[in-house]
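Reading through the structure tokens given below for one structure.
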There are 2 protein chains.
Amino acid sequence: MQRNTRQREVIREVFASAGRPLTPQEAAAAAQDALPSLGVATVYRAVKELADEGWLVALTVAGTMRFELASKGHDHHHHFHCHRCDRTFDIEACAGDLSRLVPSGFVMESHELTLNGACSACVQKTRSGGRRAR
Amino acid sequence: MQRNTRQREVIREVFASAGRPLTPQEAAAAAQDALPSLGVATVYRAVKELADEGWLVALTVAGTMRFELASKGHDHHHHFHCHRCDRTFDIEACAGDLSRLVPSGFVMESHELTLNGACSACVQKTRSGGRRAR
DNA sequence: ATACTTGCAAAACATTTGCAGTGAG
DNA sequence: CTCACTGCAAATGTTTTGCAAGTAT
């Protein structure tokens with residue numbers, strides 16, 4: 001990422017303030033909020049560069065690629081995917097010792113853990129019998 | 001899945017004998033091997049039904065949706081994805097108590113754990129200086 | 001016979017790429 | 001001024017869907 005344009009600035013801001021992984025689509029929607037003329041292609045391009053650069057990390061949850069800040073202060077964490085609203089949240093803790101799971105002969109370099117279920121917001125909607133759409 | 005047709009039989013057979021998660025595309029290719037006229041749409045439809053039904057489970061590894069038999073004798077297991085050969089292997093063990101990771105208010109229904117690294121075959125190829133493609 | 005299934009092709013999406021115009025340096 | 005960046009639209013690739021014909025029950 002060489003030139004500092006308004007759109008890239010906005011895109012970075014979106015991820016910086018999101019606090020959770022965003023799909024390129026979510027990021028585009030949020031960014032267009034501040035810069036309506038911004039096109040999705042630009043978001044895809046910027047996101048890819050930011051990921052290559054290491055500022056963002058890519059992860060795939062529920063069949064969709066998502067990106068989030070590489071370092072948010074805490075180093076390693078995992079994700080919770082809500083199948084109700086399809087949002088992905090960060091989980092601050094790590095599962096711990098997984099090396100015992102690695103088959104002999106294999107070399108583990110990283111691991112990815114995703115919990116699936118309903119987020120608190122969706123749980124509450126369900127409880128109150130509420131029917132609120134996205 | 002109500003009627004027992006030749007194509008569904010073939011599709012089930014493909015997953016049953018695969019021994020590892022398959023993408024819809026892989027499944028379609030394998031099934032068309034036994035039933036050339038079979039279309040991808042049918043595979044997608046069948047796979048979705050089988051997954052709803054619980055006979056297959058969906059997982060996302062390395063950016064692609066894959067499906068595999070829900071119960072292969074052992075109940076719960078995880079996956080190891082080799083970034084070298086892009087194959088996914090089963091890991092018989094489960095990480096254990098993950099409920100402590102769930103944020104309060106959230107309800108976890110399942111979890112998915114993927115270890116990334118190199119499988120034994122690829123590790124050996126590397127050691128022996130070998131260079132073999134997929 | 002009935003109506004669930006299938007194959008095909010079009011549709012719906014998500015992501016990428018080509019291009020000419022725009023703007024950062 | 002230059003050339004990287006952007007927006008638009010067309011191109012890709014994947015999964016879904018509409019429909020008429022096929023077939024299990």
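A, B, ... follow the sequence lines: proteins, then strands. Residue 1 opens every chain.
In this structure, the CD atom of B:E49 is 12 Å from the P atom of D:dT16, given to the nearest Å. Nucleotide C:dT5 holds its C1' atom 13 Å from the CZ atom of B:R12, rounded to whole Å. One can place CZ of B:F67 at 13 Å from C1' of D:dT14, the figure rounded to the nearest angstrom. Across the protein-nucleic acid pair, A:I11 atom CD1 and D:dG7 atom C1' stand 12 Å apart, rounded to whole Å. Between the P atom of C:dG25 and the CZ atom of A:R8 lies a distance of 11 Å, rounded to the nearest Å. Atom pair A:R66:CZ and C:dA14:P shows a separation of 12 Å (rounding to whole Å applied). The separation between A:E9 atom CD and C:dG25 atom P is 10 Å, rounded to whole Å. As rounded to whole Å, 11 Å separates atom P of C:dC8 from atom CG of B:L35.
Of the possible polar contacts, none joining the B:T42 side chain to the B:L38 backbone as a donor-acceptor pair under 3.5 Å is found. With hydrogens and angles ignored, the 3.5 Å screen pairs a side-chain donor or acceptor of A:E26 with a backbone N or O of A:T23.
Distances from the side chain of B:N4 to the nucleotides D:dT25, C:dG23, C:dT15 place D:dT25 closest. Nearest nucleotide to the A:Q7 side chain, out of C:dT5, D:dC5, D:dT6: D:dT6. Across C:dC8, C:dT15, D:dT6, the shortest atom-to-atom separation from the side chain of B:A41 is found for C:dC8. Nearest nucleotide to the A:R3 side chain, out of D:dG7, C:dT2, C:dA24: C:dA24.
Base contact: A:R45 has a heavy atom under 4.0 Å from a base atom. Among the heavy atoms of the strands, none lies under 4.0 Å from A:T23. As judged by a 4.0 angstrom heavy-atom cut-off over every strand, B:M65 is placed among residues making no nucleic acid contact.
Between A:R6 and the phosphate of D:dC5, there is no side-chain N or O to OP1/OP2 separation shorter than 4.0 Å. Look at B:T42 and you'll find a side-chain N or O under 4.0 angstrom from OP1 or OP2 of C:dG7. Contact check, B:T5 against D:dA24: no side-chain N or O comes under 4.0 Å of OP1 or OP2. The side chain of A:Y44 contributes an N or O atom lying less than 4.0 Å from OP1 or OP2 of C:dT15. Taking 4.0 angstrom as the limit, A:K48 places none of its side-chain polar atoms (N or O) nearer than this to OP1 or OP2 of C:dT15.
Of all non-hydrogen atoms in A:A31 and A:I11, the two that sit nearest each other are CB-CG1, 4.4 Å.
Between B:R12 and B:E9, none of the side-chain N atoms (NZ, or NE/NH1/NH2) sits under 4.0 Å from a carboxylate O, so this pair counts as no salt bridge.
Between B:H111 and B:H78, the ring planes are tilted. Angles from 30° to 60° get that label.
Axis angle across the helix from C:dA1-D:dT25 to C:dG25-D:dC1, with five pairs used at each end and values rounded to 10°: 30°.
Grouping the Ile, Leu, Val, Met, Phe, Trp and Tyr side chains by contacts below 4.5 angstrom, directly or via other members, places B:L115 with B:F89. Following chains of ILVMFWY side-chain contacts shorter than 4.5 Å, one cannot reach A:V57 starting from A:L113, and the two form parts of different hydrophobic clusters.
Of the two residues contacting DNA chain D, namely B:Q25 and A:G39, the nearest-nucleotide position lying further toward the 5' end is that of A:G39.
Looking at heavy atoms from C-beta onward, A:F67 lies in side-chain contact with A:P24 at the 4.5 angstrom threshold.
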